[in-house]
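We name chains A, B, ... by the order of the sequence lines, and we start the count at 1 in each one.
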2 protein chains.
Amino acid sequence: MAGRNLVGPEVDALDLGAVFRALADEHRRSVMTELAADRSDSERGCNSFDLPISKQTQTHHFRVLREAGLIDEIDYGNRKGIRLRRADIEKRFPGLLTLLGSESPGGTAPR
Amino acid sequence: MAGRNLVGPEVDALDLGAVFRALADEHRRSVMTELAADRSDSERGCNSFDLPISKQTQTHHFRVLREAGLIDEIDYGNRKGIRLRRADIEKRFPGLLTLLGSESPGGTAPR
DNA sequence: CTTCAGGTACGATGCAAGTCATACCTGAAG
DNA sequence: CTTCAGGTATGACTTGCATCGTACCTGAAG
């Protein structure tokens, strides 16, 4: 039950266009924002994001994120794990994850 | 011949989703990359980017960039000026313009 | 074995977006 | 005035993409 890692692009092969296209979608961006906010980078379940879309569409979105090189998908057969590729992203596109945190304009004066 | 500035969103109203959607397109991203690379931030003509697309489509792309708040368009009547909103972008989304420079991996991590 | 929940594969659909053709506007130069 | 280049408006076309329905797979628990 080790779970094999589904393939994504290498660090040097990360494409800025694919990344922007991936982050252009509302749902995928919310997933990435959540992942970026969790500094522990622990593996998460697919349904821990409770997206308001069907599971087939979720499969699609996670695939896009993986193919853009933003997350790793670990296949356990009947379930799946999601993990942010923080180190790779920071190496190739430093500052991108920080950018995701500035989603809300009120960011200057939070609670 | 003063040229009036076409309207775009205010700094605080800049939307990350609109920005990512704008930068998802190849042609718009190439324009932004060129603008970000020129630290003098001088006003440029629309056709100084020689995009391989028709002028109607160029009009469309520049409009998207303006409505995303990334550039200013100065209308002179029979021609148009383009200027990067560097200060606003850096204030709202610090690091974004730097990110555009990392399009080619050749810089930091060659093969 | 059967059942069941999580996930995928394939196809269809509806909508957004990139592209261009035609026609028109604007200002500068003859 | 006319001409001309740069730009826009409108509409049509086409592609891409987000979404879901149906069917199927996978592993765990009865």
Practice problem: Treat primed atoms plus P, OP1 and OP2 as sugar-phosphate and everything else as base, then score nucleotides 8-22 of chain D 5' to 3': B for base contact with protein heavy atoms under 4.0 Å, S for sugar-phosphate contact only, - for none. | Solution: BB--------SBBBB

Quiz item: Please, what dot-bracket string fits DNA chain C when only Watson-Crick and G-U pairs with both distances under 3.5 Å count, crossing ones use [ ] and pairs to another strand use |?
Solution: ||||||||||||||||||||||||||||||

Quiz item: Are B:Leu70 and B:Val64 grouped together when hydrophobic residues (ILVMFWY) are joined by side-chain heavy atoms under 4.5 angstrom apart?
Solution: no

Quiz item: Do B:Leu6 and B:Val11 belong to the same hydrophobic cluster, where Ile, Leu, Val, Met, Phe, Trp and Tyr are linked whenever their side-chain heavy atoms lie under 4.5 Å apart, directly or via other members?
Solution: no

Interatomic distance, [X] [atom1] vs [N] [atom2] [rounded to whole Å]:
X	N	atom1	atom2	result
B:Phe49	D:dG6	CZ	P	15 Å
B:Leu51	C:dC20	CG	P	11 Å
B:Asn78	D:dG6	CG	C1'	6 Å
A:Ile74	D:dT26	CD1	C1'	17 Å

Quiz item: Just by modelled atom types, is the A:Ile71 backbone N or O under 3.5 Å from a matching donor or acceptor in the A:Arg66 side chain?
Solution: no

Self-check item: Side-chain donor or acceptor of A:Arg29 paired with backbone N/O of A:Leu23 under 3.5 Å
Solution: yes

Practice problem: Answer yes or no: does atom CD of A:Glu34 have more than 12 heavy-atom neighbours from other residues, nucleotides or ligands under 6.0 Å? | Solution: yes

Quiz item: How about A:Glu90: does its CD atom have over 12 heavy atoms from other parts shown lying under 6.0 Å from it?
Solution: yes

Quiz item: Where do B:Ile82 and B:Glu73 come nearest, in terms of heavy atoms and distance?
Solution: CD1-CG, 3.9 Å

Quiz item: Between A:Arg86 and A:Asp38, what is the shortest heavy-atom contact and its length?
Solution: NH2-O, 3.1 Å

